[in-house]
Each structure stands twice: as structure tokens, then as C-alpha cells.
Amino acid sequence: MIYPELSLLIDGEWVSGGGRATVPVINPATEEVLGHLPLATKADLDRALAASQRAYPAWRAMAPHLRGRILHKAAELIYERREEIAWLATVEEGKTLPEARMELGMAAEIFTWYAEEGRRAYGRVLPQRQPGVRMTVVKEPVGPMAGFAPWNFPLGNPSRKIGSALGAGCPVIVKPAEETPASALAIARALVDAGVPAGILNMVFGVPAEVSEHLLRSPIIRGMSFTGSTVVGKQLAKLSAEGMKRTTMELGGHAPVLVFDDVDVEAVLDMAVAAKFRNAGQVCVSPTRFYVHESIYERFVEGFTARAKALTVGNGLDEKNRMGPLAHDRRLPAVLNIIQDAVAHGATLHTGGHRLPGKGYFFAPTVLSKVPNTARVMNDEPFGPIAVINSFTDFDEVIVQANRLPYGLAAYAFTQSAKRVNLLGEQIEAGMIGINSFTIAVPESPFGGVKESGHGSEEGIEGLDACLVTKFITES
Ligand code: NAD
């Protein structure tokens, strides 16, 4: 496989060179430079904005089933190019090839979902107040959108921003992560090859804060969607508020996992370890704080540790490996510091806690137990291969712990009790709750958080609605 030339996509043109500054793209498994990414200038961003504005009326006017045909075609092309695109996600982000293939399937499905859902942007007719009066509610595209996508799902994250906007009839300017550009560009290429008109999809890279500020200050942009940390999300929400733009904020998480004493412990362990170390823990809905009933606590910690030790960590291209490296070198000190802080606060380290020797940003799968709430790992998103396992005795007490943080993205619980399942659904403060399952993201379900994990949802009918505005028309 060959790593491609990198470019921007502006008004239907693949743009590079021209004296633009570049940044190197690094393979996190080998530390080799894969390529050089051109960064957009202010003039590039202005061109993308003007192209979105110009292309918008025709895209908005196109019948949804015809827009849908293009999105269906893009999904087919993504599947056809499956091995090549999955390879890009692995060399850029580090995740294993099976994980990259799974993500690719998710990206393709996002386009098929919005291809169909765009046909269902229904309005309604209200009951008459008087004969001859007609009152209707219609949904219209919000207008040109901006999307900011992080590196941890280099195919899926940009696809969410693009699919929702295009399905709703909006153009979109997307800034994927500078760490994983070729993956995002491969998705863009499939869309262009499928027939997305010039100016409807623009893809830019640059200095993140400069790009987002420039786009969000433009009156052309009417809506935005961001996935990333809560800190950055708050900055972008403030910027968007100045122009009263619609926002979808998919921010950080700190998912609690409640494991009650009536479960098949070995089965839960198998699922929990796989979910925890998926993408080396760099997942916003990663299970982070395990609260395990005291009667099964010791067995759970031992079982988790044994499984974590047995994981083969290495280059994701080698299919025997189960976990790849951290995605970039900034994550190494971040992950190390948060573990050292936990140990300094009295936590027990069962395995891991260190970088692996040799080239690449590999970090050992880490298990901590008996971690006090004063430790940073109990409060800040660890975003790495760290499992924290504490015990509990009482239902009400563990609900208080689960809801303790300002985060409210994902939460999980394992129990066979129907009564508990109802109570958990009612009482846990999270945007997504997995009961006896870690699978909480499919295109037809809303993906988003509450509290400081953000607002709005991607995917589901909500994902389309985020790109639509409501208009009321009365006629007499
Ligand atoms: P970071 O905050 O520098 O960057 C995270 C992402 O946000 C990157 O893709 C970056 O390009 C983007 N970003 C940063 N500042 C921006 C701005 N002003 N405007 C637009 N985009 C901006 O952190 P990092 O070191 O890359 O990642 C570490 C932290 O980021 C993690 O601890 C995690 O909390 C968060 N993160 C969250 C997700 C998620 O899925 N919610 C994904 C990746 C990173």
C-alpha cells in the first residue's frame, strides 16, 4: 500500500503546494514520517466559505432521493476501497486493522443512513383553527455548516459531520484532525467520486484554533458540529454563540461501569477488557471507572489483570496484535502522569503503568484498583489504556458515584435484575446507557452526551435534525 499525496479539498479541487506551510504526519507505531500535510491559509478558508455559499442553493433544491443516491454510491465506494482505506486509518492512528475495518463499515453505514433519512425530513400540517386557514411546519436545511473531527476515529468522525450535513441538504466545511488526514481525504474522495458537486464538501487542515475561529466568525456558516475535549468545546460554543449558530457538541466522557453480583463474571470480563482496550482506550465512550460489587471484586480485578497482561500490543498492521500504540506522542506523558498521580494517591497498580520499549508510542495496558476520588484519573478523562476498578456495596451509593462527575456521555451496567435495569435507566445521568452491552453506537441511534459532555446528538433522527431549521407558515 502507498501513502497518498496530501491535499486540501476546496471547491472541488485537490489543493496542495503553492508555498503553503506543511506539518509532518507520523505513523505512531513506527515514528516514521508518512507524508507532509499542507495547511490552509486564510485565503483557502475564504475560498471554501465562498464555494459553500455558491453551491448551497442547487444542493438544497436537489430532491432528497437524488442526494441520497450520491451518498449511497459513496458508501459503496468506501466498501470497495475497504482494504486501502482501513490501512490508512491504521498507519495514521495506530488502531489495529480489524478495528479500522470495523470503523470503515461504520463510516459507510453513516452515509447509507443519511441517504435514507434525508428523505424523511418531515414537517407537519396543524389542525385548522378556521375553515380556509392552513398552518404548516416545514423543515429546511440550516445552511452551510462547519465540522471539526478528532483523530481517534479518523474515518467515522468526519463521516458523521459530512453525512448529516449532506443528507439534510447543507454544504459542509470539515476540518479533520491533522494527525489523520489521509483517512479523512479517502472518505472525501469517495464522496467526490460518487458525484458530490464542487463546493458542497470542502476539507481543510490547519492550526485548529485558527481554522475554527475563522470559520465560526464567518456569517456564511450557520451551524457547527465539534467532537473533542470539553475545554475546546466550551471555546467553540462561545465563538458560535457570537453568531448564534446551531451547535452539536460531542465532548469528553468518563464512563462508569456498574457490575452487580448476579452476572456471569467471566463473560463480563471478556467483554469489558475488549471494550476498555479498544483503540488503546482513546475512545470518548471508553469504559473508565469500573464499580464492581464487593462480593465479586477480588475475582474481577484478578481476571481483568490477567486478561490485560495477555493482550498482545504492537503494530496494528500485524493481525496478531490486539492493541496498537497511542495515537501521538502528546498522549504518552499525559497517560503516564495520570497513572503516577493515582499511585501517589494510594491506588494499587496491578499491571502496566509504563511505555513499552522500542520505537512507537506503545503503552502497556494498565489496571488500577482502590483508586480514591481525589486522584486525577477519577476526575479527568484519561483517554488511554487505563482501567480503574473500585468496589461498592450498595445500589444508591454506586449511583451517586456514577453521577459524581460533570461528565455524562456513556455509562454501562451489568446485571440480570429487571428491576435494577429500570432503575439504572432512570437514575444514571448519561446520554447513552449500555445495559449488559458495550455496543452503544449504531447509525440509527442518537450519539451524544448530557452535562459537560455536550449537547445535541449525531446519528439517529436527531443527527439529521441538527442540520435542519423549523419554519412555520400560515395561509388564509
Ligand atoms: P486536543 O484538545 O489538542 O485536540 C483534540 C481534538 O480537538 C484534535 O482533533 C484537535 O485538532 C481538535 N482541536 C483542538 N483545539 C481546537 C480548536 N480550537 N478548534 C478546533 N479543533 C480543535 O487534545 P489531544 O492531545 O489531541 O487529545 C487529548 C484530549 O482530547 C483527550 O484527553 C480527549 O479529552 C480529547 N479528545 C476527545 C475525543 C472525543 O472523541 N470526544 C477525541 C479525541 C480527543
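Order of appearance sets the numbers: ligands from 1, and atoms from 1 within every ligand.
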Give the intermediate values and the outcome of side-chain contact (heavy atoms from CB on, under 4.5 Å) for residues Gln401 and Phe392.
CA-CA 9 Å; Gln401 291 306 316; Phe392 75 93; over 6 Å; no

Tell me the protein heavy atom at minimum distance from [atom], and give that distance in Å.
atom	result
atom 19 (N) of ligand 1	Ser212 OG, 2.8 Å
atom 23 (O) of ligand 1	Arg330 NH2, 4.5 Å
atom 13 (N) of ligand 1	Pro208 CB, 3.9 Å
atom 39 (C) of ligand 1	Cys284 CB, 3.6 Å
atom 40 (O) of ligand 1	Asn152 ND2, 3.2 Å
atom 9 (O) of ligand 1	Pro150 CA, 3.2 Å
atom 36 (N) of ligand 1	Phe383 CZ, 3.7 Å
atom 14 (C) of ligand 1	Val232 CG2, 3.9 Å

May I ask whether [X] has any heavy atom positioned less than 4.0 angstrom from an atom of ligand 1?
X	result
Phe226	yes
Glu213	no
Gln282	no
Arg331	yes

Lys/Arg N to Asp/Glu carboxylate O, Glu210 vs Lys42, below 4.0 Å:
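No, Glu210 and Lys42 are not salt-bridged.
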
Considering only NZ, NE, NH1 and NH2 on the basic side and carboxylate oxygens on the acidic side, decide whether Arg404 and Glu429 come within less than 4.0 Å.
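Looking at Glu429 together with Arg404, the answer is no, because their closest N to O distance does not fall below 4.0 Å.
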
Go through ligand 1 atom by atom and flag the ones less than 4.0 Å from a non-hydrogen atom of [X].
X	value
Glu178	11 (O)
Lys175	11 (O)
Ala177	9 (O)
Thr227	39 (C), 40 (O), 41 (N)

Judging by distance only, is a nitrogen or oxygen of Trp151 under 3.5 angstrom from one on ligand 1?
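N/O-N/O distance below 3.5 Å exists for this pair.
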
Evaluate Glu381 for polar contact with ligand 1, using N/O atom pairs at a separation under 3.5 Å.
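The answer is yes, given that Glu381 and ligand 1 share an N or O pair closer than 3.5 Å.
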
Within-cutoff protein neighbour (heavy atom, under 4.0 Å) for atom 34 (O) of ligand 1
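Looking at atom 34 (O) of ligand 1, one finds that a protein heavy atom does lie closer than 4.0 Å.
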
From atom 4 (O) of ligand 1, is the closest protein heavy-atom distance below 4.0 Å?
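No, no protein heavy atom sits under 4.0 Å from atom 4 (O) of ligand 1.
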
Can you tell which part of His328 has a heavy atom less than 4.0 Å from ligand 1: side chain, backbone, both or neither?
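Side chain only.
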
Is there side-chain contact between [X] and [Y], with heavy atoms separated by less than 4.5 Å?
X	Y	value
Ile389	Tyr291	no
Leu49	His214	yes
Leu71	Glu116	no
Lys245	Ile221	yes
Thr41	Asp46	no
Val174	Leu201	yes

Taking everything shown except Glu31 itself, do over 12 heavy atoms lie less than 6.0 Å from its CD?
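Correct, the count exceeds 12.
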
Derivation of the side-chain hydrogen bond (donor to acceptor under 3.5 Å, both in side chains) call for Asn279 and Glu93:
CA-CA 9 Å; Asn279 203 15; Glu93 202 267 353; 3.3 Å; yes

Do the two ring centres, one from Phe290 and one from Tyr412, sit under 6.0 Å apart?
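Centroid distance Phe290-Tyr412: not below 6.0 Å, so no.
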
Assess the pair Trp151 and Phe383: is the distance between their ring centroids shorter than 6.0 Å?
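Yes; Phe383 has its ring centre under 6.0 Å from that of Trp151.
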
Considering Ser229, Gly228, Ala209 one by one, which has a heavy atom nearer to atom 18 (N) of ligand 1 than any of the others?
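Comparing heavy atoms across Ser229, Gly228, Ala209, the nearest one to atom 18 (N) of ligand 1 lies in Ala209.
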
